Every structure is written in C-alpha cells, then in structure tokens.
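Contents: one structure, followed by commentary.
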Amino acid sequence: MLQTSFIRENTSLVIERLKKRNIDATTTVNSIIVLDDKRKKTQQELDSLLAESNQLAKQIGDLFKSGNTDEANKLKNRTTQIKEQSAILKEEQNNIAVELQQLLYTLPNLPNEIVPNGKSAEDNQNVYENNPIPKLHANALPHWELAKKYNLIDFELGVKISGAGFPVYKGKGAQLQRALITFFLDRAIAAGYDEIMPPLMVNEASGYGTGQLPDKEGQMYYMPADDLYMIPTAEVPITNIYRDVILKESDFPIKNVGYTPCFRREAGSYGKDVRGLNRLHQFDKVEIVQIQHPDKSYQTLDEMVEHVKGLLNQLELPYRILRLCGGDMGFTSALTYDMEVFSAAQEKWLEVSSISNFETFQANRLKCRFKDSEGKTQLVHTLNGSALALPRILASILENNQTENGINVPKCLVPYTKFDSIN
RNA sequence: GGAGAAAUGGCAGAGUGGUCGAUUGCGGCAGUCUUGAAAACUGUUGUACCGCGAGGUACCGGGGGUUCGAAUCCCUCUUUCUCCGCCA
C-alpha cells in the first residue's frame, strides 16, 4: 500500500509510474487527496470538540467536589450536545477512513524506474542467459512420462486421494524432492539466512500484511470454520513475523529462509500448462526473505538474484533471468526478476523463481518500521524470492538429465540423495 | 471440551471512577566523574494523527456499552496461565 503522504507529495510521479502498469490512476489519486483533506478537516473538528469535552469534564468534577451541583448540571447540558456532535463526526471519520483505505488498496506498487514498459510476458527483458540447452536423444520423454516410467510421481493416485494438482511422490521421486529441499536450505543457511518453520495457515491480518488480501482473495484456500487461509507461499507467514514491529538499524539485514508446502487454488488455469508438475495446487518451495534498510534494498535484490543463480549453476540447469515489465509484475512489487529454467523435453521455459523488492509497499501495510540514525521512525524495505520452487526444478532435472539408460542426478544433490542415477 | 484466573509502556510490575500517557524497578540513550571502564549520580526514554508553532486528540489485548468523566464498572471476542477430561 502506498502512503497517503507520499501520494500527496509525489502526485505526478505516482501517476507517471503507474502508467508502466498500463494504469491511469489520475482519478483514484485525486479522490485519495480529496478524501484525505476531508479526513484532516473532520479530525480537526472532532479533536477540538473532544478537547472541549475533556475540559468540561474536569470542570464538572471540580464543581461536584466543591458542592456546586447546579453549576455542574448546567455544564452537563453542553457535554451531551458535544457527545451527539462528536458521535456524528466520529462516524463520518470512520467512513472516510474506510473509503480511503479501499482506494489505497486498489493502487499497486510503483514500478522502479528501470522496469520496462510492456503489457505481457512477451515484453519482459531478458537480462541473462546461461548454460547451453541440452540436446536430448530421439526418444526423450516429458517429465510426466519419466515420472511414470521410473515410478517417481503418481498423479492419478493424487487425484484419488485429493484431486488434480496434488501429486504423490514415491520412492526416489520423494527422495529427490527431499534432497532438493535440504540442499536449498543448506545453501541459504550458508549464505547467512536464518531458517524458519512457520505455520502453514494464516489469519486474515497476515493476508493483508503481505498483500494477498484483498487483491488475490480467490487464490488462497480458505477455511471458514476457523477463518484461516492456507499459505500460497512462505512469504506470508515469514514476512508477517515483522508485522507491527519497530526494528533497530543494527538489525539489518534480516535474512530468513523457510521451506513450506504452498497451496494455490489456481482458479481458471487449465490446458497443457497444467500438465504434470507445471502447475499444482500443492507444491514445495524454499523461500528467502529479507528486511532491509531502504538505502540498501536494491543491492540486496541483486544479492538474492546471485544466490539463486548459484543454485541453478550448481544444479547445472539452463536458465535465463527476466526483468519483468510493468504489465507482468505482481501487484505489490517495485522490481521483479523471474528465473526460468529450460525444460528440454517440453521445449519451454518454466518459471522457478520470482525475486522482488517491495520497497515500502508491504512494510506500510505491515507497519514494519525502524528507527533511523536520527531517531526518526521510517518504513523498512521488504524483499523475497523463491530459492527455489521445487516441482518445475524437478521437472527440468528429469527431462534435461535423461539418457537412454536413465536419469542422472545432479552432482550437488548426490550427497543428499545417496544415489546418482534413476533407472 | 469443562472449571477458574489473568492481559498495563522494550521487560518486570503498581494503579479499582476525576489530579493517569499512566508510580516504581530494570534495560536503552545522553551527560557528570574517570587515563579508560565499572560503580555512583543527573537528565532523558512509547506509537499514530492534526497543527507553521504553541499545543491538541487517540491508544492500558480487540470491539461495544454505562458515565459529565473509564486503565479502573458492564457486555462480548481473542489470547495466555492453572486444574480436569481427551489426544499425536
């Protein structure tokens, strides 16, 4: 959520930057300013009424004490008047606040200056590409066939137990999955991240804190009996650790890593994009989160991209890095890099990580602040990224490393799997 | 799930209708003393909003109510603790 004060002071910048998202925010921004003016005016009136009422209450108290009940009762008349007036103003103030809040919720984050203009994924900027695309043998199979052939993943069994999008990992498939999780966690810990195992269900306040609510309400599984949401990513519970927290400057950078299953309804998805492991309702992900000083957050973003590059390099997967264009960026992000691996049998790029700087957008909702060197309280910057999302990594490992005789396990995983090939 | 107790500032812990944004202790910060440090002493130390400022308003777990006036009384929700029951 953008700050009202920021919108007031940078009106034209806000409108200009949101054009990168192909949004004309002029009307909304103007309404926000008008409403904010109204809010200020109402508060001034209300405050002075309450000030008078506080004064009177003191006087009445004194009068009662000195036995001057007649005079006290006279003043009471005035206070009842004030009460009525202030009740009206208070309601008005509440209404304004709600309306203002709703408008603010509709505005996405401002894209950073370097975010390319564009409407869709086709306009994303390719900023890095690595590792040659492997040449597969003539009978190469897509990962869902390989998973079946080597008894690694049972999709039909998942349908029986839960439904489509809930695969069952078996045998070496399950072990490979577990190896990847541990590998990713170990690498993050080595890079200075603290491991967190958070709850997998969160309350409404947490959903609002990181911006899943109200924007992506339908994407999360919701349990009405207990008013809880299944997490769509570890970002939600981990970042919400810092909700309503005032940090010290010396706390920076806060680096957390967490492995969690992630749950997504993926309403509206269908077709061949959902084949196999490409798009699931439940999947595993290791997420890195950082809370950083505003001056250093972009440096941190680069550092996080480097970290993920390191993982992909070790896994020896062909990948590319995209700088997302305004039209393809998430609601809460100021700058996002997507990492995609090439899935050789499907012959397409699969997104395996999305690394974003949210600047103060989440922090404003979370009320996560710090005291700067002058003792002033200001909002922190939050960042996060997948490091990494498992299913598509697994898919590309299976596809890219297949030979006529089986599948080779990447060297960096062998210490974890204790086997170096699947056949 | 049943019964009872509780929730106050970074922490501990007073406060049961007005003089309370809140005694005190610890911690934090600044200073005095010291070659330096410790100790001691002095001062300072919550958040948000409004206001150029003086200053004002709100907040004692959340929401509502009683009252001229609520941290304090009432209702409700949440959470924590103790006991009982059940259970991985």
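A, B, ... follow the sequence lines: proteins, then strands. Residue 1 opens every chain. Everything numeric here is computed off the predicted structure, so don't read it as measured data.
When the P atom of B:C20 is taken as reference, atom CG of A:Asn54 falls 14 Å away, rounded to whole Å. Atom C1' of nucleotide B:U57 and atom NZ of A:Lys41 are separated by 18 Å, given to the nearest angstrom. Taking atom CD of A:Glu45 as the reference point, atom C1' of B:G56 lies 15 Å away to the nearest angstrom. Put simply, CD on A:Gln101 is 14 Å from C1' on B:C49, counting in whole angstrom units. If you measure from atom NZ of A:Lys90 to atom P of B:U57, you get 14 Å, rounded to the nearest angstrom.
Take the nearest nucleotide of RNA chain B for A:Arg369 and for A:Ala57: the residue whose nucleotide is more 5' is A:Ala57.
Between the side chains of A:Asp338 and A:Ser354, at least one donor N or O lies within less than 3.5 Å of an accepting N or O. A:His381 and A:Tyr298 share no side-chain donor-acceptor pair at under 3.5 Å. A donor and an acceptor atom, one from each side chain of A:Thr332 and A:Gln362, are nowhere located under 3.5 Å apart.
In terms of modelled atom types and a separation under 3.5 Å, the side chain of A:Arg392 and the main chain of A:Trp349 share no donor-acceptor contact.
Remark: the A:Gln43 side chain and the B:C49 base include a donor-acceptor N/O pair separated by less than 3.5 Å.
Taking the P atom of each, B:A7 and B:U72 are spaced 11 Å apart, rounded to whole Å.
Across all strands, A:Asp62 comes closer than 4.0 Å to no nucleic acid atom at all (heavy-atom distances).
Partner assigned to B:A58 is B:U47, using Watson-Crick or G-U wobble distances below 3.5 angstrom. Across all strands shown, B:U32 is found opposite B:A40 as a Watson-Crick or G-U wobble partner, with both distances under 3.5 Å.
Taking a 6.0 Å sphere around CD of A:Glu249, one finds it holds more than 12 heavy atoms contributed by other residues, nucleotides or ligands.
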How does protein reach along nucleotides 26-31 of chain B, written 5' to 3' as B (base within reach of a heavy atom under 4.0 Å), S (only sugar-phosphate), or - (no contact)? ------

Please write out the pairs of protein N or O atoms and N or O atoms of nucleotides 75-78 of chain B separated by less than 3.5 Å, giving the distance to one decimal.
none

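Within residues 69-82 of chain A, the residues that have a heavy atom under 4.0 Å from RNA chain B are, in order of number, A:Lys76, A:Thr79.
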